[in-house]
Enquirer: 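Here it is: the structure, laid out below.
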2 protein chains.
Amino acid sequence: MRISEAADACGLSADTIRYYEKSGMIPPIRRDASGRRRFSAADIDWLTLIYWLRETGMPLRQMRRFFTLAQGGPETIPERRQILTDHASELQRRRENLDKCDAVLAIKIASYDQPKPKVTP
Amino acid sequence: MRISEAADACGLSADTIRYYEKSGMIPPIRRDASGRRRFSAADIDWLTLIYWLRETGMPLRQMRRFFTLAQGGPETIPERRQILTDHASELQRRRENLDKCDAVLAIKIASYDQPKPKVTP
DNA sequence: CCTTGACTTGGAGTGACTCCAGCCGATTAC
DNA sequence: GTAATCGGCTGGAGTCACTCCAAGTCAAGG
């Protein structure tokens, strides 16, 4: 797979993939004879996970940590699991924020329908 | 109210409030004799709305647009309402993303518990 | 009067991209 | 066969939304 196909497959842009490779959040991608990246299915899997972590706001620092651990052996699994479960709790917090914001928006929008509530009309 | 109190009240940092004032997303705040900002209750209300919009990822460009409209008369209400309802749909999209990411995380976490599914053992 | 602490400004630094110039190699068009 | 086009390469500049800092002002407390 070439970078444009990889980008389509995982949802990240080609620029972002190159940037992630440069900054060590994904393994160095294999190159063909003319120096172009060729992505394996495993690369795509990794990029897809990264895509979802990013999409829900995981900082790159933490992704990098996760990647470094994944390079190590299975003894790093507990910490990897911890990072993912921590992120899952973060998602819960975000969901609550969305709810709160929904409420604020609903109140604000409603206030446009009843623009000036008179005091004892 | 002074800036530190305003920051506590709305959830934004003092630096962020100053930045938002500089870049025209909130009205210029009244100053006291020695040039310090004094925040009214209306200022805090505005900042609190801004806080929730930002917290759920509204770009500053759009907040600025919304603020500019709010400076205008009630004839800008339809567009203001539109911005808020658009943002509410965006929140819905984000909520779906969170769900999707939850699923991806659950699968990944589960894979640590059953690390190597043997093919017909 | 001196210190402390909260505030002011302008400007530099950061994270995470995003875009672009200028180059190279492969494919297609004539 | 060679010209044009396409996709990809690198390094570096630009952007967005802060965040931090230096250097200065001002007010209150001891």
Side-chain angles (χ1 to χ4, degrees), chain A residues 1-40 43-44 46-68 87 90 94 97 101, chain B residues 1-40 43-44 46-68 87 90 94 97 101:
Chain A
M1 252 196 193
R2 289 168 298 128
I3 198 165
S4 59
E5 294 165 324
D8 288 352
C10 73
L12 298 165
S13 76
D15 262 324
T16 301
I17 294 173
R18 280 191 282 261
Y19 170 69
Y20 282 1
E21 190 187 7
K22 244 192 273 186
S23 45
M25 311 198 358
I26 56 173
I29 306 296
R30 219 183 68 234
R31 306 302 183 102
D32 67 13
S34 59
R36 299 185 186 181
R37 293 173 182 78
R38 312 314 310 276
F39 294 77
S40 70
D43 293 335
I44 302 301
W46 185 259
L47 286 170
T48 304
L49 175 59
I50 290 286
Y51 170 81
W52 285 108
L53 295 177
R54 176 194 77 157
E55 190 70 6
T56 49
M58 182 184 279
L60 295 210
R61 198 168 4 84
Q62 208 168 355
M63 290 191 210
R64 206 172 288 124
R65 173 82 188 134
F66 185 74
F67 169 67
T68 309
H87 191 58
E90 174 64 17
R94 275 161 204 257
N97 260 5
C101 191
Chain B
M1 253 195 192
R2 290 167 298 126
I3 198 166
S4 57
E5 294 164 324
D8 288 353
C10 73
L12 298 165
S13 76
D15 262 324
T16 301
I17 294 174
R18 280 190 282 260
Y19 169 69
Y20 282 1
E21 190 188 7
K22 245 191 272 187
S23 45
M25 315 205 349
I26 56 173
I29 305 297
R30 221 182 67 234
R31 305 304 183 101
D32 67 12
S34 58
R36 298 185 188 181
R37 293 172 181 80
R38 311 316 308 277
F39 294 78
S40 71
D43 293 334
I44 302 300
W46 184 260
L47 287 170
T48 304
L49 175 59
I50 291 286
Y51 170 82
W52 284 108
L53 295 177
R54 176 194 77 156
E55 190 70 6
T56 50
M58 181 182 281
L60 294 209
R61 196 169 6 84
Q62 208 169 355
M63 290 191 211
R64 206 173 288 123
R65 174 82 188 134
F66 185 73
F67 169 66
T68 310
H87 191 57
E90 173 63 18
R94 274 160 205 260
N97 261 4
C101 190

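Proteins get letters first, then strands, A, B, ... in listed order; numbering begins at 1 in each.
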Enquirer: Mind checking salt bridge (charged side-chain N to carboxylate O under 4.0 Å, His left out) for A/Asp15 and listing every partner two or more places apart, or none if nothing turns up?
Expert: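 In terms of salt bridge (charged side-chain N to carboxylate O under 4.0 Å, His left out), with neighbours along the sequence ignored, A/Asp15 is linked to A/Arg18.
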Enquirer: Under the ring pair (Phe, Tyr, Trp, His ring centres under 6.0 Å) rule, collect the residues that match up with A/Trp52, sequence neighbours excluded.
Expert: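 With neighbours one apart ignored, the set is empty.
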Enquirer: Residues in side-chain contact (heavy atoms from CB on, under 4.5 Å) with B/Arg64, at least two apart?
Expert: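 Once residues adjacent in sequence are excluded, the partners of B/Arg64 under the side-chain contact (heavy atoms from CB on, under 4.5 Å) criterion are B/Ser23, B/Met25, B/Leu60.
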Enquirer: Side chains of A/Asp43 and A/Ile26, heavy atoms from C-beta outward: is any pair under 4.5 Å?
Expert: no
Enquirer: With A/Phe67, which residues qualify under side-chain contact (heavy atoms from CB on, under 4.5 Å), at least two apart?
Expert: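 A/Phe67: side-chain contact (heavy atoms from CB on, under 4.5 Å) contacts with A/Pro27, A/Trp46, A/Gln71.
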Enquirer: Expressed as a whole number of angstroms, how long is the span from A/Arg64:CZ to C/dT14:C1'?
Expert: 12 Å
Enquirer: State which residues pass side chain to side chain donor-acceptor pair (under 3.5 Å) with A/Gln62; sequence neighbours excluded, sorted by chain then number.
Expert: none
Enquirer: How many Å lie between CE on B/Met25 and C1' on D/dA17, as a whole number?
Expert: 9 Å
Enquirer: For B/Glu5, check salt bridge (charged side-chain N to carboxylate O under 4.0 Å, His left out) against everything at least two apart and list the hits.
Expert: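 For B/Glu5, the residues satisfying salt bridge (charged side-chain N to carboxylate O under 4.0 Å, His left out) (neighbours in sequence not counted) are B/Arg2.
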Enquirer: Let me know the distance between OH of A/Tyr19 and C1' of C/dA16, rounded to the nearest Å.
Expert: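 Taking OH of A/Tyr19 and C1' of C/dA16, I get 5 Å after rounding.
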Enquirer: Want to settle it: does A/Ala33 or A/Ser13 sit nearer the 5' end of DNA chain C, counting the closest nucleotide to each?
Expert: A/Ser13
Enquirer: Are OP1 or OP2 of C/dA16 and a side-chain N or O of A/Thr16 less than 4.0 angstrom apart?
Expert: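 Checking C/dA16 against A/Thr16, no side-chain N or O comes under 4.0 Å of OP1 or OP2.
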Enquirer: With a 4.0 Å heavy-atom cut-off, tell me which residues in residues 48-63 of chain A come close to DNA chain D, sorted by residue number.
Expert: none
Enquirer: Ignoring backbone atoms, test whether B/Ser23 places a side-chain nitrogen or oxygen under 4.0 Å from the OP1 or OP2 oxygen of D/dA17.
Expert: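 The answer is no; no side-chain N or O of B/Ser23 sits under 4.0 Å from OP1 or OP2.
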Enquirer: Whole Å only: how far is the CD1 atom of B/Ile17 from the P atom of D/dC18?
Expert: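 Those two atoms, CD1 and P, are 12 Å apart.
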Enquirer: Do nucleotides 7-13 of chain D as a string where each nucleotide becomes B, S or -: B if the base has a protein heavy atom under 4.0 Å, S if just the sugar-phosphate does, - if no protein is that close.
Expert: BSSBB--
Enquirer: Please name all residues satisfying side-chain contact (heavy atoms from CB on, under 4.5 Å) with B/Arg31, sequence neighbours left out, ordered by chain then number.
Expert: B/Glu21, B/Arg37
Enquirer: For the pair made of OH in B/Tyr20 and C1' in D/dA17, what is the distance, rounded to whole Å?
Expert: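 Checked: the OH to C1' distance equals 7 Å.
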Enquirer: Tell me the interatomic distance from A/Arg38, atom CZ, to C/dA26, atom C1', rounded to whole angstroms.
Expert: 12 Å
Enquirer: Determine whether A/Tyr20 and A/Arg54 make a side-chain contact, defined as any pair of heavy atoms from C-beta on separated by less than 4.5 Å.
Expert: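 The answer is yes; the side chains approach within 4.5 Å.
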